[in-house]
Amino acid sequence: MHYRPLGTTSLQVSKICLGTMTWGEQNTEAEAHEQLDRAIAAGVNFIDAAEMYPVPPKPETQGLTEQYLGSWLKQQPRREDLVIASKVVGRSDMKHLRGGPRLNAAQIKEACEASLKRLQTDYIDLYQIHWPERKTNYFGRLGYEHQGDDGAISIEETLKACEDLVKEGKVRYLGISNETPWGMHEYLRLSEQQNLPRIQSIQNPYNLLNRTFEVGLAEMAIRENAGLLAYSPLGFGVLSGKYLNQAQPEGARLTLYQRFQRYTSALAEETTARYVQLAKDWNLDPAQMALAFVNDRPFVTSNIIGATRMDQLESNLASAELQLPQELLEAIEAIHLQQPNPCP
Ligand code: NAP
């Protein structure tokens with residue numbers, strides 16, 4: 001396993017981060033703990049959770065993911081060796097969370113306290129804003145319709161609330177997620193001008209079917225030293241090729257939850273088939289090829305993998321050792337140029 005600095009902090013995080021959002025829905029507590037033990041044994045020190053998880057979000061399961069991570073964390077002799085990330089939900093109509101989440105000071109404090117309790121720890125290493133308050137382009141929204149401030153809590157208020165958490169020692173570092181170049185710039189500008197804590201990472205989707213991060217954010221990530229924590233590196237499992245030809249593998253995410261549409265268009269299938277064939281031509285497992293591609297992009301700090309089974313986890317962890325040859329990278333680029341971002 002390789003480790004990279006988390007932004008400008010002294011923390012070193014593994015280039016594979018363990019995602020958790022299936023715990024409490026597709027995975028039990030015992031399975032979550034088994035995944036954690038295996039990932040740590042492979043050198044992973046970075047774990048990504050959220051107050052909202054598991055996914056899909058439901059009132060009756062909300063918080064289970066952090067709870068399962070917490071019951072494991074409590075048993076670990078060296079908490080200080082682990083980098084635990086969580087998130088506060090952005091503006092939403094999820095009434096079961098504080099009557100409808102807003103990124104104001106009172107709600108952020110309440111959310112963080114509740115996460116700390118579930119996680120059974122005194123501090124969260126990386127506390128991330130899950131998505132913005134303002135209406136803008138995230139979760140695949142295309143075009144751009146400017147809606148002014150639309151009554152949104154300002155980034156300044158959000159950042160100042162997070163500063164209080166840092167001062168109180170409840171949070172070490174801050175990150176953003178599902179953000180745009182303007183949002184990222186605004187966080188950085190405010191911290192510089194008002195001496196507020198700096199964001200150290202941006203967690204956005206990034207995979208062979210969606211490389212939109214490269215357009216406006218990759219340069220920001222490198223120049224500003226706040227790297228990408230890439231989520232959905234397999235496009236919800238699609239890039240493994242297991243859904244090709246209308247297959248509906250039993251127990252798999254897109255078989256279970258048909259409302260998830262981001263990676264299921266005809267163009268996604270066609271493009272996936274090309275990447276899967278390319279992997280086979282190189283005697284590679286398609287999922288491992290897709291993960292290895294993400295692992296080593298220069299603007300990526302860590303690749304957040306997800307697994308529901310131990311064989312998937314094993315294979316995904318092993319991608320850390322796979323280095324794609326230049327000729328293969330060029331072939332990937334050729335497909336990308338013909339079919340760029342079918343699942344933005
Ligand atoms: P992903 O890599 O795109 O999909 C992971 C899923 O694909 C697994 O749960 C599994 O589901 C399937 N899979 C995994 N490895 C496989 C393999 N080798 N072969 C075949 N199928 C495989 O990642 P993701 O789960 O969407 O996201 C990973 C993590 O990123 C999450 O846990 C979460 O921590 C974070 N995330 C953050 C956001 C955000 O808004 N910030 C959004 C999404 C995710 P099945 O077994 O059900 O097929």
Side-chain angles (χ1 to χ4, degrees), residues 16-27 31-32 35-36 39 44 46-57 65-66 68-69 84-90 92 126-132 138-141 175-179 201-210 213 228-244 247-258 260 262-264 268 272 276 279 284-295 300 302-320 322 343:
I16 301 266
C17 171
L18 183 63
T20 60
M21 74 180 196
T22 57
W23 305 353
E25 176 69 28
Q26 284 175 277
N27 290 110
E31 287 167 347
Q35 286 192 16
L36 280 159
V44 168
F46 193 18
I47 299 145
D48 179 67
E51 63 163 335
M52 187 192 89
Y53 293 168
V55 166
T65 304
E66 284 185 330
Y68 294 176
L69 176 54
I84 304 295
S86 195
K87 313 181 193 84
V88 54
V89 160
S92 139
L126 180 70
Y127 200 48
Q128 305 159 102
I129 306 298
H130 208 148
W131 61 82
Y138 56 90
F139 295 145
R141 189 187 174 108
I176 50 176
S177 180
N178 297 299
E179 259 300 356
S201 56
I202 170 163
Q203 179 175 149
N204 272 29
Y206 184 72
N207 56 60
L208 287 175
L209 298 172
N210 177 7
F213 188 87
L228 172 63
L229 308 180
Y231 79 68
S232 295
L234 292 178
F236 281 10
V238 165
L239 283 160
S240 68
K242 68 184 178 184
Y243 297 102
L244 286 177
Q248 295 212 311
E250 202 187 323
R253 186 183 299 173
L254 298 182
T255 310
L256 293 172
Y257 316 105
Q258 306 221 336
F260 292 142
R262 194 169 190 171
Y263 299 98
T264 54
T272 299
V276 167
L284 291 173
D285 173 74
Q288 277 191 347
M289 181 185 86
L291 293 177
F293 176 79
V294 174
N295 290 342
V300 170
S302 192
N303 180 5
I304 314 177
I305 60 162
T308 62
R309 299 190 337 223
M310 291 307 283
D311 60 328
Q312 293 173 352
L313 181 64
E314 214 50 77
S315 173
N316 298 354
L317 290 169
S319 76
L322 177 62
C343 308

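Order of listing sets the numbers, starting from 1, for every ligand and every atom in it. Residues take their numbers from the sequence shown, with the count starting at 1.
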Legend entry - Atoms in ligand 1 flagged as close to T308, the criterion being non-hydrogen separation under 4.0 Å: 9 (O), 11 (O), 45 (P), 46 (O), 47 (O)
Legend entry - Ligand-side contact atoms (ligand 1) for residue partner K87, heavy atom cut-off under 4.0 Å: 41 (N)
Inset, instruction - Would you confirm whether T20, through its side chain, and D48, through its main-chain N or O, come within 3.5 Å as a donor-acceptor pair? - result: yes
Inset, instruction - Give the residue and atom name of whichever protein heavy atom lies nearest to atom 34 (O) of ligand 1, and the separation in Å to one decimal. - result: D48 OD2, 2.7 Å
Inset, instruction - Quick one: look at N316 and ligand 1, take heavy-atom pairs under 4.0 Å, and tell me if it's side chain, backbone, both or neither. - result: side chain
Inset, instruction - Starting from atom 19 (N) of ligand 1, locate the nearest protein heavy atom and write down its residue, its atom name and how far away it is, to 0.1 Å. - result: S240 CB, 3.7 Å
Legend entry - Side-chain donor or acceptor of Q128 paired with backbone N/O of I176 under 3.5 Å: no
Inset, instruction - Work out whether the distance between some heavy atom of Y263 and some atom of ligand 1 is less than 4.0 Å. - result: no
Inset, instruction - Please verify whether a non-hydrogen atom of R309 lies at under 4.0 Å from ligand 1. - result: no
Legend entry - Contact atoms of ligand 1, heavy-atom distance to I304 under 4.0 Å: 28 (C), 29 (C), 30 (O), 34 (O)
Legend entry - Top protein contact for atom 14 (C) of ligand 1, by heavy-atom distance: G306 O, 3.1 Å
Legend entry - S315 N/O under 3.5 Å from ligand 1 N/O: no
Inset, instruction - Using a strict cut-off of 4.0 Å, indicate which atoms of ligand 1 neighbour a heavy atom of Q203. - result: 35 (C), 36 (N), 37 (C), 38 (C), 39 (C), 41 (N)
Legend entry - Q312 backbone acceptor or donor facing S315 side chain under 3.5 Å: no
Inset, instruction - Give the numbers and elements of all ligand 1 atoms closer than 4.0 Å to a heavy atom of Q26. - result: 47 (O)
Legend entry - Check: N204 side chain, N178 main-chain N or O, donor-acceptor pair, under 3.5 Å: yes
Inset, instruction - Classify the contact between N178 and ligand 1 as side chain, backbone, both or neither, using a heavy-atom distance cut-off of under 4.0 Å. - result: side chain
Legend entry - Distance (rounded to the nearest 0.5 Å) between L256 CG and T308 OG1: 9.0 Å
Inset, instruction - List every atom of ligand 1 that sits less than 4.0 Å from any heavy atom of L234, numbering the atoms from 1 in the order shown and giving each element. - result: 1 (P), 2 (O), 3 (O), 14 (C), 15 (N), 16 (C)
Inset, instruction - Select one of side chain, backbone, both or neither to describe which atoms of Q288 lie under 4.0 Å from any atom of ligand 1, heavy atoms only. - result: neither
Inset, instruction - Please check if the side chain of E51 supplies one atom and the backbone of V89 the other of a donor-acceptor pair under 3.5 Å. - result: yes
Inset, instruction - Kindly say whether the aromatic ring centers of Y138 and H130 come within a distance under 6.0 Å. - result: no
Inset, instruction - Find the distance between CG (L234) and CG (N316) and round it off to the nearest 0.5 Å. - result: 6.0 Å
Legend entry - Side chain, backbone, both or neither: S232 near ligand 1, heavy atoms under 4.0 Å: both
Legend entry - N or O contact, I305 vs ligand 1, cut-off under 3.5 Å: no
Inset, instruction - Please say whether G235 places an N or O atom under 3.5 Å from an N or O atom belonging to ligand 1. - result: yes
Inset, instruction - For F236, take its heavy atoms, then give the atoms of ligand 1 lying under 4.0 Å from any of them. - result: 1 (P), 3 (O), 4 (O), 7 (O), 26 (O)
Inset, instruction - Would you check whether A287 has a nitrogen or oxygen atom less than 3.5 angstrom from a nitrogen or oxygen atom of ligand 1? - result: no
Legend entry - Check: N303 side chain, I16 main-chain N or O, donor-acceptor pair, under 3.5 Å: no
Inset, instruction - Verify the distance criterion only: is there a donor paired with an acceptor across the side chains of Q35 and Y68 at less than 3.5 Å? - result: no
Inset, instruction - Output the list of atoms in ligand 1 that are nearer than 4.0 Å to some heavy atom of H130, sorted by atom number. - result: 39 (C), 40 (O), 41 (N)
Inset, instruction - May I ask you to decide if Y127's main-chain N or O and K87's side chain share a donor-acceptor pair within less than 3.5 Å? - result: no
Legend entry - Polar atom proximity, F139 to ligand 1 (N or O, under 3.5 Å): no
Inset, instruction - Considering only non-hydrogen protein atoms, determine which one is nearest to atom 7 (O) of ligand 1 and report residue, atom name and distance to 0.1 Å. - result: G237 CA, 3.3 Å
Inset, instruction - Could you check atom 43 (C) of ligand 1 against the protein and tell me its nearest heavy-atom contact, residue, atom and distance included? - result: Y231 CD1, 3.2 Å
Legend entry - Location of contacts on Y53 toward ligand 1, heavy atoms closer than 4.0 Å: side chain
Inset, instruction - Please answer whether the main-chain N or O of G251 pairs with a side-chain N or O of T255 as donor and acceptor at a distance below 3.5 Å. - result: no
Inset, instruction - Tell me which part of S177 gets within contact of ligand 1: side chain, backbone, both or neither, using heavy atoms under 4.0 Å. - result: side chain
Inset, instruction - Could you tell me how the ring of Y206 sits relative to the ring of F293: parallel (under 30°), tilted (30 to 60°) or perpendicular (over 60°)? - result: parallel
Legend entry - Under-4.0 Å heavy-atom contact with ligand 1, by part of K242 that carries it: side chain
Inset, instruction - Would you give the length of the straight line joining atom OG of S302 to atom CD of Q203, rounded to the nearest 0.5 angstrom? - result: 9.5 Å
Inset, instruction - Run down the list Q312, M52, R253 and name the one with the heavy atom closest to atom 10 (C) of ligand 1. - result: Q312
Legend entry - S232 and N207: side chain donor to acceptor below 3.5 Å: no
Inset, instruction - Give the intermediate values and the outcome of side-chain contact (heavy atoms from CB on, under 4.5 Å) for residues F46 and L126. - result: CA-CA 10 Å; F46 193 18; L126 180 70; 4.1 Å; yes
